[in-house]
Amino acid sequence: MAVIGIDLGTTNSLVSCWKNGEAVLIPNSLGSVLTPSAVSVSQEEILVGDAAKQRLLTHGNETAVSFKCFMGTKKKYQLGSQIFTPIELSALVLKKLKQDAQEYLNEPIEEAIITVPAYFNDRQRTDTKLAAKIAGLKVERLINEPSAAALAYQTEQKKEEAVLLVIDFGGGTLDISLVECFDNVIEIEAVTGDNHLGGDDIDALIYTDFIGRHPELSALDAAGIAGLKTTLIQAKCALGSHEEYVFSYTYGEITIEDCIGQEQLLELGLPVLERMRYLCGKAVHDGQCSIDEIDDVVMVGGSSNLGFVQKFIEELFGKPPIVMANIDEVVARGAGIYAGIRMRAEDIKDRMMTDVCPFTLGTNVVWGQEDERPHLCVILERNCPLPFSKTIRLLPVYDYQDMMRIGVYQGEEYYVDENVCLGELVIPIRPRPVEKGEGVCVTFSYDINGVLQVEAENSMKEVVRKLIANDALSEKEIEESLRRFEQMKLPDAEEEEYQLLLAKLMWLFQQQIGDTRIQTGMVVERLTRARESNKHHLYQKEREFSQWYLVQTSMTLNPFASKLLLEEEDDD
């Protein structure tokens with residue numbers, strides 16, 4: 001039974017496998033290896049991927065994107081009449097990837113290697129494994145995204161010995177890892193990052209600047225805002241490494257021409273770049289390495305394509321970064337390589353990859369009864385190698401204290417209330433005077449997946465254990481999610497293609513006025529009636545006509561709107 005590798009991304013997700021001595025990216029039902037991490041509800045039907053992304057322009061209240069950024073939280077999304085958590089939305093993306101992989105490999109799949117941001121905390125990692133469980137996937141191993149990128153880089157470049165700084169700058173997260181490669185070993189020396197810093201932040205800065213310069217757009221409705229944001233994102237991506245890119249935005253009777261340039265983005269993106277500078281320095285410092293010892297700075301993640309970001313990194317390190325080909329696919333290729341390692345594939349079974357704990361973990365202690373503000377007692381230092389376990393002994397503070405509350409905290413601050421509380425254990429102790437008080441042995445164990453278990457044992461040999469997990473979903477809610485997902489059927493390839501085509505026509509209808517709008521409405525009506533007729537030959541005829549109509553009509557739109565409309569037509 002095959003093991004697959006999954007890059008569960010903020011913007012796009014990919015699935016891969018190890019086949020014929022290399023990592024192979026698996027195309028989805030529309031033929032693309034990139035599946036947008038988007039979910040939409042259309043008349044109670046669940047759409048995942050391209051069709052859902054397209055519906056964001058016309059049905060924003062029924063569509064969710066960038067939900068990876070809220071893993072580990074209690075955020076809820078209402079899509080139509082249904083309510084989803086970030087876990088469930090991620091599970092739908094995973095279910096789609098699993099379905100595409102099974103179709104491609106023609107065999108059942110039960111196990112996956114999933115990549116996560118290096119700076120994902122315990123709650124976010126636990127939520128990722130739970131999303132996989134709901135999607136019907138067993139996950140024995142989570143690997144950090146920059147670690148997967150380093151694995152792909154070393155394998156493809158055949159560099160047996162090198163010190164790498166891997167910068168994974170995605171849509172919603174930034175991860176930085178210092179990596180040492182030697183023989184068949186990839187050893188992660190230090191990781192740092194920010195779970196809420198990525199291309200989305202640059203997009204928000206561009207949008208705010210654009211609205212500020214064009215106050216006539218301040219009254220846009222939800223559909224207009226979604227269309228404008230998409231236009232600006234596409235313009236940013238089209239800019240790439242060019243100095244300037246001219247584009248236009250049309251909504252109703254409003255048409256605005258503008259341009260976007262590297263200098264403008266550099267100025268707007270300074271807050272993001274300064275944060276990146278600090279985190280690069282932190283990774284190098286924690287790895288006890290000098291800049292001169294770094295052989296290559298490797299950039300992955302979609303946002304690394306931005307020319308001003310590459311220029312900033314070059315100035316920071318004094319050498320141009322290596323931006324790998326097909327940058328959006330690197331992490332997924334690394335996951336596919338690790339899937340091969342997991343399957344003990346003959347040509348790769350001897351490879352090894354270590355990892356580290358990205359955060360400091362500890363508990364709350366006080367110096368005495370007069371100490372009113374507990375401070376952090378460090379148990380596991382950040383960047384300690386995984387798996388790792390350590391035990392300390394804690395003593396009572398008060399006379400005849402009969403229980404101890406052991407908090408579990410993550411962070412680098414001195415006072416515990418300035419760190420993230422992951423959970424709490426309560427354990428009884430024998431009441432004694434303080435000088436004769438019996439302590440509790442507390443053990444923190446962090447496994448290779450970055451999942452934390454805490455154990456406390458008192459003098460009576462009573463043990464309390466706790467797997468630190470997020471409470472975003474209760475056990476009852478988890479069971480309910482599993483039941484819901486058993487009944488949810490994702491559309492087949494033909495239905496998915498129809499929904500994507502319909503979403504494009506709906507968006508086109510919104511852009512037009514007058515007779516052309518009426519004409520587009522008639523095309524929509526003909527297509528939907530043909531689909532509902534269950535006459536395959538009639539539907540194929542209307543489908544082909546609708547695709548031709550999109551191409552022809554796009555000629556009358558502004559060039560950038562045409563690109564938005566037709567970006568997937570070449571695959572049809």
Side-chain angles (χ1 to χ4, degrees), residues 71-74 119-127 130 192 195 282 286 356-447 449-478:
M71 291 289 272
T73 73
K74 295 184 178 183
Y119 228 53
F120 252 24
N121 62 32
D122 299 278
R123 292 180 172 181
Q124 293 163 314
R125 291 170 189 269
T126 302
D127 276 6
L130 179 54
T192 187
N195 290 335
K282 185 179 178 184
D286 286 357
V356 296
C357 169
F359 302 98
T360 294
L361 295 163
T363 189
N364 50 314
V365 295
V366 292
W367 294 115
Q369 295 184 28
E370 295 78 20
D371 192 353
E372 296 181 355
R373 193 178 183 189
H375 64 270
L376 182 70
C377 174
V378 174
I379 300 180
L380 301 184
E381 294 276 9
R382 70 173 184 268
N383 293 317
C384 63
L386 299 181
F388 196 88
S389 183
K390 184 178 178 181
T391 301
I392 65 168
R393 187 173 181 80
L394 299 177
L395 298 173
V397 178
Y398 303 100
D399 288 334
Y400 302 103
Q401 189 172 327
D402 60 1
M403 65 184 306
M404 292 184 70
R405 293 184 178 273
I406 299 162
V408 181
Y409 291 88
Q410 165 192 288
E412 313 301 328
E413 303 299 329
Y414 178 75
Y415 292 108
V416 292
D417 57 12
E418 295 178 358
N419 294 293
V420 177
C421 181
L422 300 176
E424 183 183 70
L425 283 73
V426 178
I427 187 168
I429 58 175
R430 288 195 182 105
R432 296 280 193 276
V434 168
E435 62 272 14
K436 296 181 179 180
E438 297 177 349
V440 170
C441 290
V442 178
T443 302
F444 278 37
S445 299
Y446 211 56
D447 72 12
N449 294 312
V451 176
L452 178 65
Q453 178 171 285
V454 179
E455 177 181 295
E457 182 179 355
N458 61 21
S459 60
M460 295 92 80
K461 302 300 179 183
E462 296 174 332
V463 177
V464 176
R465 293 186 181 90
K466 184 177 181 67
L467 182 69
I468 301 302
N470 189 14
D471 57 358
L473 289 182
S474 66
E475 286 299 322
K476 182 178 179 182
E477 288 172 319
I478 293 170

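All residue numbers in this chain count up from 1 along the given sequence.
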Indicate yes or no: at least one non-hydrogen side-chain atom of I429 is less than 4.5 angstrom from one of E438.
no
Pairwise distance CG(L376) to OH(Y409) - rounded to 0.5 angstrom
9.5 Å
Interatomic distance, M404 atom CE to N458 atom CG [nearest 0.5 angstrom]
10.5 Å
Set of salt bridge (Lys or Arg N to Asp or Glu O under 4.0 Å) partners for D402, sequence neighbours left out
none
Testing the basics here: between A456 and I406, what is the closest heavy-atom pair and its distance to 0.1 Å?
CB-CD1, 3.7 Å
Evaluate the criterion side chain to side chain contact (heavy atoms under 4.5 Å, CB included) for residue pair T192 and D286; output intermediate values, then yes/no.
CA-CA 9 Å; T192 187; D286 286 357; 5.6 Å; no
Steps toward side chain to side chain contact (heavy atoms under 4.5 Å, CB included) verdict (V426, V464)
CA-CA 8 Å; V426 178; V464 176; over 6 Å; no
Would you indicate whether the side-chain heavy atoms of Q410 and T360 approach each other to under 4.5 Å?
no
State, yes or no, whether a side-chain contact exists between D127 and F120 at a heavy-atom distance under 4.5 Å.
no
Looking at K390 and E381, is there a salt bridge between them, counting it only when a charged N and a carboxylate O are closer than 4.0 Å?
no
Please determine whether the number of non-hydrogen atoms from other residues, nucleotides or ligands lying under 6.0 Å from atom CD of E372 exceeds 12.
no
Sort out for me which residue in E457, Q453, E455 forms a side chain to side chain donor-acceptor pair (under 3.5 Å) with R465.
E455
Side-chain (N364) to main-chain (G407) donor-acceptor, under 3.5 angstrom
yes
Between R125 and P358, what is the shortest heavy-atom contact and its length?
NH2-CG, 4.1 Å
Return the CZ to NZ distance between R123 and K74, rounded to the nearest 0.5 Å.
8.0 Å
How many angstroms lie between SG in C357 and CZ in F444, if you round to the nearest 0.5 Å?
10.5 Å
Can you tell me how far apart CG (L422) and CG (L361) are? Round to the nearest 0.5 Å.
7.0 Å
4.5 Å side-chain heavy-atom contact, V454 and T363
no
Name every donor-acceptor pair, under 3.5 Å, that has one atom in a side chain of residues 391-400 and the other anywhere in the protein, sequence neighbours excluded.
residue	atom	partner	partner atom	Å
T391	OG1	T443	OG1	2.7
D399	OD1	V434	N	2.8

Which residues pass the salt bridge (Lys or Arg N to Asp or Glu O under 4.0 Å) test with R405, sequence neighbours left out?
E424
Rounded at 0.5 Å granularity, tell me how far CD1 in I379 sits from OG in S389.
10.0 Å
